[in-house]
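In what follows, a single structure is set out as structure tokens and then discussed.
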Amino acid sequence: IHAIAKELRRCGKTKSLSKGKCIHDHLVATGLHNDLFLSNHLIEMYGKCGKLEFARMVFDGMEKRDSFSWNLMILGYTQHGHLKEALRLFTEMAEKTVVTWTAMIMGYSKHGQMNEALGLFKQMPERDVVSWNAMIGAYVRQGRLQEALDLFEQMPHRDACSWNAMICGYAQQGHLQEAFELFKRMPTKDVISWNSIISAFVQHGQLDQALQLFEKMPQRDVVSWTTMLSGYAQQGCFEKACEFFRNMPQRNVVSWNAMLGAYVQQGCIDEAIKLFYEMPQRSLVSWNAIISACASQGKLKEAFNIYNQMLQQGIMPDRVTFVSILDACTQNADLAAGKQIHNLVIRLGLDGDQYVQSAVVVMYAKCGTLDIARLVFDSIPQKD
RNA sequence: CGAAUAUCGUUUACUUG
């Protein structure tokens with residue numbers, strides 16, 4: 001049972017829906033699907049894969065539910081922006097835990113509903129350090145540093161996450177010195193603290209300082225290495241970037257993506273394509289990176305080719321993919337392809353995104369169909 | 001009915017604008 005749970009967890013993390021379904025079928029066949037513990041894992045797996053209807057079917061079909069079942073169902077909704085559904089369950093839930101409240105706060109915060117998040121935070125019966133951190137993170141995301149700092153000082157106990165969130169907040173708002181001061185004042189730094197401050201210096205183009213910290217930190221993880229790699233790439237220090245990539249003790253898909261980005265930034269598109277095919281795994285970011293690189297370098301044939309491979313492999317494009325591939329259509333004045341992509345955009349419900357919308361309008365306009373461009377343009381509720 | 005070294009929430013790196 002424990003092994004199955006772990007496997008389901010992995011399916012959720014990697015969004016392997018088909019594998020997860022397989023396990024589900026197997027559980028049904030062996031009658032284990034009534035197990036509370038395993039059902040909770042099924043909810044989580046479907047939730048993480050974005051299959052909320054399936055998650056809900058499991059949830060509704062359970063004879064017994066514990067707070068984990070409810071929390072996981074609510075989390076599934078919040079993480080995919082279905083805040084109304086989440087709120088409905090939240091309201092229905094009898095014994096909310098601090099996790100329930102925090103999950104809702106996170107959901108609101110990640111979708112820009114700051115007032116709702118704050119309202120819940122004020123209302124919750126008790127708060128632990130994670131809820132405080134979640135609220136600090138909410139303010140940080142809004143760039144409201146003073147209010148984040150107020151909470152940081154008000155909270156009964158601060159842990160490393162609290163400090164790290166503040167450090168990142170200052171760095172993101174361009175207050176590198178304040179971030180560094182906080183870092184230095186921090187009592188017990190963890191690897192994320194070090195990575196955060198290194199990233200802060202990288203974001204401000206101070207690679208020398210970043211490197212000093214990188215060398216000084218007690219232990220480095222794959223994030224530390226990747227941060228440096230991508231920092232050098234962004235500065236155009238291609239050789240340095242390669243050196244970090246070669247020397248890193250282990251690589252994950254993000255490190256590979258960063259290296260891909262280094263080639264692209266260098267203008268070595270063919271090398272980038274080669275690397276893309278050689279990577280041990282590809283994530284959606286990898287596909288987006290290579291498609292966008294091809295499109296912006298005028299390798300339109302290649303862009304369409306890779307985009308089609310992506311669809312064939314059953315990988316769901318997102319808004320980033322569409323912005324890039326629509327740009328390729330625009331350059332080619334390829335109306336047929338553009339229309340087809342526009343259809344897919346609508347089918348996937350991404351036609352509400354302002355960047356996708358503007359890419360669609362430009363595509364139709366460049367293809368000589370100004371009337372359609374105008375039609376789409378007029379359908380945009382608020383324009384920038 | 002109860003128990004449990006079982007499952008949930010917060011902070012850092014990669015792609016478009």
Side-chain angles (χ1 to χ4, degrees), chain A residues 1-2 5-6 8-9 12 35-45 47-48 66-76 78-79 97-107 109-110 128-138 140-141 159-169 171-172 190-200 202-203 221-231 233-234 252-262 264 283-293 295-296 318-327 353-356 358-359 384:
Chain A
I1 285 192
H2 198 246
K6 281 269 174 285
L8 279 173
R9 176 152 255 264
D35 184 78
L36 173 65
F37 176 65
L38 287 175
S39 295
N40 288 345
H41 270 97
L42 284 172
I43 296 175
E44 182 185 35
M45 183 274 294
K48 288 247 159 40
D66 62 7
S67 64
F68 286 82
S69 328
W70 286 83
N71 289 342
L72 287 165
M73 193 63 234
I74 290 174
L75 244 197
T78 57
Q79 288 179 344
T97 67
V98 62
V99 174
T100 321
W101 288 86
T102 309
M104 284 302 297
I105 290 174
M106 282 306 295
S109 152
K110 291 239 160 136
D128 65 5
V129 64
V130 177
S131 5
W132 283 91
N133 290 343
M135 202 58 223
I136 289 179
V140 163
R141 236 166 268 128
D159 65 5
C161 288
S162 330
W163 286 86
N164 295 342
M166 288 305 303
I167 291 171
C168 293
Q172 283 158 20
D190 63 10
V191 65
I192 296 187
S193 322
W194 285 91
N195 289 342
S196 301
I197 196 65
I198 288 173
S199 169
V202 163
Q203 284 160 29
D221 66 5
V222 65
V223 175
S224 329
W225 284 89
T226 307
T227 305
M228 292 302 300
L229 190 175
S230 114
Q234 282 157 25
N252 63 15
V253 67
V254 177
S255 344
W256 282 91
N257 290 342
M259 193 59 223
L260 180 62
V264 171
S283 65
L284 180 56
V285 170
S286 328
W287 290 92
N288 288 344
I290 197 67
I291 290 171
S292 120
S296 65
D318 70 355
R319 59 194 70 207
V320 178
T321 324
F322 285 125
V323 169
S324 308
I325 198 66
L326 282 166
D327 177 41
D353 182 85
Q354 57 170 328
Y355 299 108
V356 175
S358 95
D384 63 6

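In what follows, chains carry the letters A, B, and so on, assigned in the order in which the sequence lines appear, proteins first and then strands, with residues in each chain numbered from 1. Here the structure is a predicted model, which is why all the values come from computation and not from measurement.
- Remark: A:Tyr355 engages no residue in a ring pair (Phe, Tyr, Trp, His ring centres under 6.0 Å) (not counting sequence neighbours).
- Under a 3.5 Å cut-off, the side chain of A:Asn133 and the backbone N or O of A:Val129 do form a donor-acceptor pair.
- For A:Ser283, the side-chain hydrogen bond (donor to acceptor under 3.5 Å, both in side chains) test picks out A:Asn257, A:Ser286, with sequence neighbours left out.
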Contact state string [nucleotides 2-8 of chain B, B base, S sugar-phosphate only, - no protein heavy atom under 4.0 Å]: ----BBB
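- Side-chain contact of A:Asn164 with A:Ser196: a donor-acceptor pair under 3.5 Å is absent, judged by distance alone.
- We find the CE-CG distance between A:Met106 and A:Leu75 to be 9.5 Å, quoted to the nearest 0.5 Å.
- Side-chain atoms of A:Ser193 and A:Asp190 form a donor-acceptor pair, as typed in the model, at a separation below 3.5 Å.
- Scanning for side-chain hydrogen bond (donor to acceptor under 3.5 Å, both in side chains) contacts around A:Ser199 gives A:Gln203, with sequence neighbours left out.
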For RNA chain B, the dot-bracket pattern of Watson-Crick and G-U pairs whose distances stay under 3.5 Å, | for other-strand partners: .................
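- With rounding to the nearest 0.5 angstrom, the OG1 atom of A:Thr78 is 9.5 Å from the NZ atom of A:Lys110.
- Under a 3.5 Å cut-off, the side chain of A:Thr227 and the backbone N or O of A:Val223 do form a donor-acceptor pair.
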Summary of protein contacts for nucleotides 10-16 of chain B, nucleotide by nucleotide, where a base hit scores B, a sugar-phosphate-only hit scores S (4.0 Å, heavy atoms): BBBBBBB
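- Here the closest non-hydrogen pair linking A:Leu260 and A:Ala289 is CD2-CB, 4.0 Å.
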